[in-house]
Every structure is written in C-alpha cells, then in structure tokens.
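One structure is given here, and the rest of the page talks about it.
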There are 2 protein chains.
Amino acid sequence: MNSFKEIISQEEAEQQCPQSYVMALTDTMNVISGKWKLPIIASLLKGKNRFKDLLENIEKITPRMLSKELKELEMNSIIARKVYDQTPVLIKYELTASGESLADLIDVMIDWGLTHRNNVL
Amino acid sequence: MNSFKEIISQEEAEQQCPQSYVMALTDTMNVISGKWKLPIIASLLKGKNRFKDLLENIEKITPRMLSKELKELEMNSIIARKVYDQTPVLIKYELTASGESLADLIDVMIDWGLTHRNNVL
DNA sequence: ATTAATACTATACAAAAGTATATTAATATT
DNA sequence: AATATTAATATACTTTTGTATAGTATTAAT
C-alpha cells in the first residue's frame, strides 16, 4: 500500500484521497472508538474470555456496558460468541482474526503515545 | 519496543501490562477520538492551513466545531497556531512533529480497515 | 426450599459530543 | 458610509454515549 502522504501528493489535482481509504479509516475508528472497546480487546488478548472474567478484569465497567459493547464487537466481526453446551452452560468470547490483528494497531498506538510524550516534555 | 502480546505473556504473573503503556494508549485515543480530529489532521497534511480552507475542505463541519477542535489539537501539541502579522492578518495552523507523525498511524489504520473488509466479505 | 453463581436485560438518568443559527471584531474594498 | 472577508465566539438545542441500580432466567449446591 502507498502511504497517505504519497497518495495525497499523487492526487493533488483532485485534492482527494481515494474514497475506499476514507471508508477504511472510518471503519477502523468505529471499531475502536468509545471508552470500553480497547480495554475489552486487550482483556481478550490476555485470555479473559468469559463475561465474568471481563467484568472483573476491566475496572469499573458495568454489566450493561459490557453486554452492549460485546454485541457491537460481535456485529463488527471483531469477536465471536461461542456457546459450549455443558452444564452449566459456558460462554466464551473469542477474538476473530480481525480482532487479533488489532494487537498490531494497538502496538502502533502505544508507540505513538510514548514518542509523543517524549516530544512534548 | 516489545509488542503488546509479548508484554502480556511476560507479565502473566501480574496479569497486567505496564501502566505507561496504558497511558500511552489512552493519550493516543484522546488525540484522535471524535468525529473531526482525523479529518482535520488529514486536511492539514494536504496543506490546508487556514481556518477558511479547513471549513471548505472538511464537509459539513461548522465553525464552532472547527474552532473547538483546533483548540484541543493545539493544547495537545498536535498543531501550532501561527499568526502572521500582515494586513490582513494571516493565521495558519501547522502540524507539529507529533502531528505529522500521525500520518503513519493513519496509514496503519487504513491498512487495518482495508484488510478487515476483506476478512469480513 | 433457599441460596448462590453465571450471564445477562430493563429502566431511568447524567454527561459528553455534536448541530444549528446568529453574532462579533478587525480590517479592507468600493 | 456600506459591504465584504477572515477568523472566529455565543447561545440553545439534540443526539450519542455512558452510568446507576435493579431485576431476570437458568442451573447448581446445600
């Protein structure tokens, strides 16, 4: 893929970058925005898979928010809800390939945050 | 830097990643979250530097939101407001080094968005 | 039969984010 | 003197996001 800046300079005549890039960026923002999405994804990366584990692992989240966010993440194909038909029933939330790959984005975000802090101080 | 997943496995005993990483991630989220921050940064990368240019370049943004967001981005050292004391006065918003470096994060986000769309379809 | 655990949902509310519309202050143009 | 341009700010409002608290359904344990 070309970089954003290259695309920009290539497309100066139109003064626009491709619509597919704008949509891709919007998709990514929608997936990670809000207070709880990244904490949930981080917890799942840590192997916390059950509703109760997540409730305990994520400070101050309420069951209502956890339920709501899990549903959204499932709709966006970031996680999959697996029902294991045992007694008692076991429910696990697992990251999809897309979800797992967010770890790389998280790395870049952490990296930027650390560098930015150095720049500013 | 180590990756998020490596850190996680290294620190399984504590079941936590370093607080500095959590803060760095929160910083990054604060800088880019909301409806207008990335469009503004993208416009500045395109060389749209004046209030009016930005108003025209960013579809549907109101002067109120542009003014508010520019102030926040300035407070976060992502942009600098430069006053050129000509007549008429010229005001330019310019990306700082931190601001420019967000282009790389934007690239990664676009890349993730494109790949995710392929995964899902 | 009572209590507890898991995995939620319902209702009401508060706070944050964003929108719509009007207005301002300084200067320049006609 | 009236109008236009640039760079905003003010006020009121709506929408979205998040919180607080309580309750439900299923199953298991005592």
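Every heavy atom of this structure was used, including side-chain atoms; hydrogens, water molecules and symmetry mates were not. Naming: A, B, ... by sequence-line order, numbering from 1 per chain.
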| request: Send over the distance from A:E59 CD to D:dT19 C1', rounded to a whole Å. | output: 16 Å

| With respect to the phosphate group of D:dT6, does any side-chain polar atom (N or O) of B:K52 fall under 4.0 Å of OP1 or OP2? | yes

| Inter-axis angle, terminal five-pair segments of the helix from C:dA1-D:dT30 to C:dT30-D:dA1 [nearest 10°] | 10°

| task | May I have the distance from A:I61 (atom CD1) to D:dA20 (atom P), rounded to whole angstrom? | result | 12 Å

| query | If you look at every strand shown and take non-hydrogen atoms under 4.0 Å, does B:K37 touch a base, only sugar-phosphate, or nothing? | reply | nothing

| note | Per nearest nucleotide of DNA chain D, the residue lying toward the 5' end, A:P88 or A:G34, is A:G34

| task | Taking B:T115 for its side chain and B:D111 for its backbone only, find out whether a donor-acceptor pair lies under 3.5 Å. | result | yes

| request: Using atom types as modelled and distance alone, determine if a side-chain donor or acceptor of B:K37 lies under 3.5 Å from a backbone N or O of B:S33. | output: yes

| message | In this structure, how many angstroms lie between the P atom of C:dA20 and the CG atom of B:L66, rounded? | response | 15 Å

| said: Less than 4.0 angstrom between a side-chain N/O of A:Y93 and OP1 or OP2 of C:dC8, yes or no? | reply: yes

| query | To the nearest angstrom, how far is B:M65 atom CE from D:dC13 atom P? | reply | 19 Å

| request: Check side chain to side chain donor-acceptor pair (under 3.5 Å) between B:W36 and all other residues, then give those that pass, not counting sequence neighbours. | output: none

| field | B:T62 side chain near C:dA20 phosphate (N/O to OP1/OP2, under 4.0 Å) | value | no

| field | Spacing of B:E56 atom CD relative to D:dA7 atom C1', expressed in whole Å | value | 13 Å

| Between A:K71 and C:dT9, is there a side-chain N or O to OP1/OP2 distance below 4.0 Å? | yes

| Spacing between B:R81 atom CZ and D:dT6 atom C1', to the nearest angstrom | 11 Å

| Does A:T96 use its side chain to pair, donor to acceptor, with the backbone of A:S77 at less than 3.5 Å? | yes

| field | side-chain N/O A:K35 vs D:dT19 OP1/OP2, d < 4.0 Å | value | yes

| message | Can you say whether a donor on the side chain of A:R50 sits under 3.5 Å from an acceptor on the base of C:dT6, or the other way round? | response | no

| message | Can you measure B:I91 atom CD1 to D:dA7 atom C1' for me and round it to whole angstrom units? | response | 6 Å

| query | Would a 4.5 Å heavy-atom cut-off, applied to side chains only, mark A:F51 and A:I91 as touching? | reply | no

| request: Please confirm whether the backbone N or O of A:S101 pairs with a side-chain atom of B:H116, one donor and one acceptor, at under 3.5 Å? | output: no

| note | Testing D:dA8, C:dG18, C:dT9 for proximity to the side chain of B:R64, the answer is C:dG18

| Residues which pass salt bridge (charged side-chain N to carboxylate O under 4.0 Å, His left out) with B:K92, listed by chain and number, not counting sequence neighbours | none

| message | Do the side chains of A:E94 and A:K82 get close enough for a salt bridge, i.e. N-O under 4.0 angstrom? | response | yes

| request: From the options D:dT9, C:dA7, D:dG18, select the nucleotide whose nearest atom is closest to the side chain of B:P63. | output: D:dT9

| task | Please state how far atom NZ in A:K68 lies from atom P in D:dT17, giving the value in whole angstrom units. | result | 7 Å

